[in-house]
Amino acid sequence: MDVSFAGKRALVTGAGKGIGRDMALALARCGAKVTAVTRTQADLNSLVQECASISPVCVDLADWGATEVALQDVGPIDLLVNNAACASLQPFLEVTPDQFDQSFNVNVKAVLHVSQIVARGMKARGSGGSIVNVSSQASQRALRDHTVYCATKGALDMLTKVMALELGPHQIRVNSVNPTVVMTDMGRLGWSDPEKAKPMLFRIPLGRFAEVEDVVNTILFLLSDKSNMINGVTLPVDGGFLAC
Ligand code: NDP
């Protein structure tokens, strides 16, 4: 996408693999100074090898205290992508408290926490900013074996809207993208079995899953000033799945 983030500072969570990794690289290519946050050091090492200007931060975002410490020195941030999430699939009747807590800690609580840290700085500087939360089509449609994941993404959509309401007066825009299946590690977990993938593909009018690039380009748009009047939306990147 033809946007420049020269002079902007960006933070991407879950930047070690999948969508988050390509997101961090795309922002760096567009001129942003990028801080990449994830919990596996080896992923950060290879990311910095690929793009030396990226600043790595290794932390488990499920740990509130460790996150507070890890992010205390990242400095001012103009653009935030809350991308990190986990998915553990099981039938509704088999969901355990641990699976529930782990998923809500990463997919919802950490988004709130990282956004608080970043938005406090944006507000204090009066510089505004843009935050994109990576949600899912699963926030708005029931998917078999996805009880906890669907619930976290439903909560994330509502969190996005309240953040947009409260941060808007400080010129901080908050939106989400809601992709369909993307064949990353997480996507393969749920959809690599052709028997499961086929009915899902059938429900997507464009007849294909999303590519990482489809999601990254949409986030670049929402972060950029080309979307200056867009605030509080949950934007499907789903080939029409949620329209039907
Ligand atoms: P991946 O599993 O490929 O990558 C997730 C990244 O987040 C990894 O680098 C992972 O690190 C990191 N991460 C996970 N938990 C933590 C944690 N506790 N602390 C720090 N980092 C963490 O996922 P995707 O790229 O597929 O997903 C990215 C986003 O897109 C997620 O929000 C997901 O819900 C959403 N999404 C994905 C879809 C898909 O089909 N793939 C569809 C719709 C939405 P590590 O590997 O070390 O755990």
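Source: prediction; values computed, not measured. Every heavy atom of this structure was used, including side-chain atoms; hydrogens, water molecules and symmetry mates were not. Note that ligands are numbered from 1 as they come in the structure, with each ligand's atoms numbered from 1 the same way.
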**Student:** Output yes when a side-chain donor or acceptor of E94 lies under 3.5 Å from a complementary backbone atom of P91, and no otherwise.
**Tutor:** no
**Student:** Relative to atom 41 (N) of ligand 1, which among V215, V237, N107, T184 owns the nearest non-hydrogen atom?
**Tutor:** T184
**Student:** Who's the nearest protein heavy-atom neighbour of atom 31 (C) of ligand 1, and how far?
**Tutor:**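 Minimum-distance protein heavy atom for atom 31 (C) of ligand 1 reads N83 O, 3.1 Å.
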**Student:** Atoms of ligand 1 less than 4.0 Å from A62 heavy atoms?
**Tutor:**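 By the 4.0 Å cutoff, the relevant atoms are 18 (N).
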**Student:** Are side-chain N/O atoms of N178 and S139 paired as donor and acceptor at under 3.5 Å?
**Tutor:** yes
**Student:** Indicate yes or no: does D78 engage K8 in a salt bridge with an N to O separation below 4.0 Å.
**Tutor:** no
**Student:** Go through ligand 1 atom by atom and flag the ones less than 4.0 Å from a non-hydrogen atom of S136.
**Tutor:**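 Listed by number with element: 43 (C), 44 (C).
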**Student:** Between Y149 and H146, how do the two ring planes meet: parallel, tilted or perpendicular, split at 30° and 60°?
**Tutor:**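 The arrangement is perpendicular - the two ring planes meet at more than 60°.
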**Student:** Are K198 and D193 within salt-bridge range, i.e. N to O under 4.0 Å?
**Tutor:**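 Not counted as a salt bridge, because no side-chain N and carboxylate O are separated by less than 4.0 Å.
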**Student:** When you measure from atom 20 (C) of ligand 1 to each heavy atom in V59, V57, N133, T13, which option holds the nearest one?
**Tutor:**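 The residue whose heavy atom sits nearest atom 20 (C) of ligand 1 is V59.
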**Student:** What atoms of ligand 1 come within less than 4.0 Å of a heavy atom belonging to V182?
**Tutor:** 39 (C), 40 (O), 41 (N)
**Student:** Can you name the atoms of ligand 1, numbered from 1 with element, that are less than 4.0 Å from a heavy atom of V106?
**Tutor:** 15 (N), 18 (N)
**Student:** Closest by any non-hydrogen atom to atom 14 (C) of ligand 1: pick that one out of C86, A85, G14.
**Tutor:**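 Comparing heavy atoms across C86, A85, G14, the nearest one to atom 14 (C) of ligand 1 lies in A85.
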**Student:** Decide whether an N or O pair under 3.5 Å exists between Q137 and ligand 1.
**Tutor:** no
**Student:** What atoms in ligand 1 come closer than 4.0 Å to a heavy atom of D60?
**Tutor:** 17 (C), 18 (N), 19 (N)
**Student:** Looking only at non-hydrogen atoms, find the nearest pair between I19 and V212 and report the distance.
**Tutor:**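 Taking I19 first and V212 second, the nearest heavy atoms are CA-CG1, 3.9 Å.
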**Student:** Which ligand 1 atoms are under 4.0 Å away from a heavy-atom of D185?
**Tutor:**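 Checking each atom against D185, I get 3 (O).
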